[in-house]
Protein chains: 2
Amino acid sequence: MAATTPTFGSPQAAARNRESLFAASDSRFDRRLAKILAHATDVFYEKGYEGASMRDLARHSGMSLSGMYYYFESKERLLYLIQKYTFTTIVERLRERLKQESDPERRIHAFILNHVQYFLANQKAMKVLSHEDEALKNGFGAEIAALKREYYRICLGLLDEYKRARKLNYSSRTAVLSLFGMMNWIYTWYNPRTDPDAEQLAEEMGDIFLRGISSQGKVNRKKKAVVN
Amino acid sequence: MAATTPTFGSPQAAARNRESLFAASDSRFDRRLAKILAHATDVFYEKGYEGASMRDLARHSGMSLSGMYYYFESKERLLYLIQKYTFTTIVERLRERLKQESDPERRIHAFILNHVQYFLANQKAMKVLSHEDEALKNGFGAEIAALKREYYRICLGLLDEYKRARKLNYSSRTAVLSLFGMMNWIYTWYNPRTDPDAEQLAEEMGDIFLRGISSQGKVNRKKKAVVN
DNA sequence: ATCTGGTTCGAACGTTCGTTCCAATAATAA
DNA sequence: TTATTATTGGAACGAACGTTCGAACCAGAT
């Protein structure tokens, strides 16, 4: 219940970040909050949600421990704000990209490119989103879970489209989740100095995945040619 | 240094689990330790390493808090023992399976089947291994990291074999890590009541992956046939 | 100069953390 | 039985945790 109807330490702070989601960081308050979220993302990235203390977060934000509570009511809500913003943004961008593509195969490529690009451009936030999946309880957790389900369903829809258009028959669920696994695992191994950039990585993964789901039956042992 | 030359609370406990790795759970001590590890795996699975307290672990083991320290010197070492045992076992089983396969494609399938089967049969331990990757520091962490590298290299070798045998040219590194992503992500979504069993899941993922890396160029838009 | 509302922080609250000490108990050997 | 060793747990340690409180500070308006 504290999750759905939170009591804020200060009435000014309360009215602000309740619904604004600080997306439009206009006011002084919103701008400062956005900076705190950015620093908190760094700390969560390095120490994990449980491992990071409010004192760590305060120190990295250049603010006192108690001062933090002027901007959010609890550590849990801080994580929630980070995850919600990150997820909302990636879904937003995806929707814009999908508007411009109609071919089922290209739409899947667009999905993958969007995910990988955003993932690498915001690696820390995306790790916090992927890794701290179970950290939020009750209301907070439910809201993020809903966003996740929405994102999942978009991808599922793309794969169903593609399956119908090509008359294939794979399990869309297994395919979606395998694809998510490929992409979300990136944060555990990616090294920007030695590994390919976002566009190339998206292409490699996209090729593996699309070829993987695109033919019936087992792997052919001989070379193939177009017959029709 | 505490990691490489640990001091045990009790001299009896010290000599035991130092090198035995409790694999051969013969003595009373080893059997009890194995049970504690099993219960601790459950708790780490549900609450994470940082989120699980020694008091949680003790309660689930039906033992007093201080009694736990007779079996291991620290919470960190407890996680280390779980991870080391799990990883050692999966590598062991893999080596046995690979002995029986010589065809490069079948060897990759064997790798995937081994991983997925063990993953689903020991889902909790495998989540603790995958998810709590950065929890161990210094000596403990280095040892697990070495096992991980070994496992990675085995898979890399299999993909290189396959690439040479089929005269393909994908990036083995990206391929390995994509495959690991697919498989290790399972713990975030798998539902034994509704999702396919290990053999079928391994087959689906194996098919996606192998077809994905098996052809050159882009996805063909037409049907294919064997010509040679 | 005073007032007002937004912003900051030092100090402290009560709780929980991992770990230790040491006495008590159970098992085994003599 | 007694002597010895292996195992257990109650109580406590100091440190760290998330959160709260109230006083202080700062800006801009009056």
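Within every chain, numbering begins at 1; the chains are lettered A, B, ... in the order of the sequence lines, protein sequences first and strands thereafter.
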Problem - Spatial distance of atom CD1 (A:Ile213) from atom CD1 (A:Ile208) [nearest 0.5 Å] - result: 13.0 Å
Exercise for the section: Find the distance B:Phe29:CZ to C:dT28:C1' and express it as a whole number of Å. Expected result: 18 Å
Practice task
Supply the atom-to-atom distance A:Ile82 CD1 to A:Phe72 CZ, rounded to the nearest 0.5 angstrom.
Solution key: 8.5 Å
Practice task
Decide, yes or no, whether a salt bridge links A:Lys84 with A:Glu143 under the criterion of side-chain N to carboxylate O below 4.0 Å.
Solution key: yes
Exercise for the section: Measure from CE on B:Met68 to C1' on D:dT7 and round the result to the nearest Å. Expected result: 14 Å
Handout entry: C:dG6 phosphate, OP1 or OP2, under 4.0 Å from A:Arg28 side-chain N/O
Key = no
Problem - d(CG, B:Leu33; P, D:dT8) in whole Å - result: 11 Å
Exercise for the section: Determine yes or no for a side-chain-to-main-chain donor-acceptor pair under 3.5 angstrom, with A:Asn114 supplying the side chain and A:Ala110 the backbone. Expected result: no
Handout entry: Side-chain N or O of A:Tyr70 closer than 4.0 Å to phosphate OP1/OP2 of C:dT7
Key = yes
Practice task
Provide, to the nearest angstrom, the distance between the CG atom belonging to B:Leu57 and the C1' atom belonging to C:dT19.
Solution key: 14 Å
Handout entry: Short side-chain N/O contact to D:dT8 OP1/OP2 from B:Arg32, under 4.0 Å
Key = yes
Problem - Sub-6.0 Å ring centroid separation between A:Tyr151 and A:Phe111 - result: yes
Practice task
May I ask you to decide whether B:Lys75 forms a salt bridge with B:Glu132, counting only side-chain N to carboxylate O separations under 4.0 Å?
Solution key: no
Problem - Per-nucleotide protein contact string for nucleotides 18-30 of chain D, where B marks a base within reach and S marks sugar-phosphate only (heavy atoms under 4.0 Å, - for neither) - result: BBBB---------
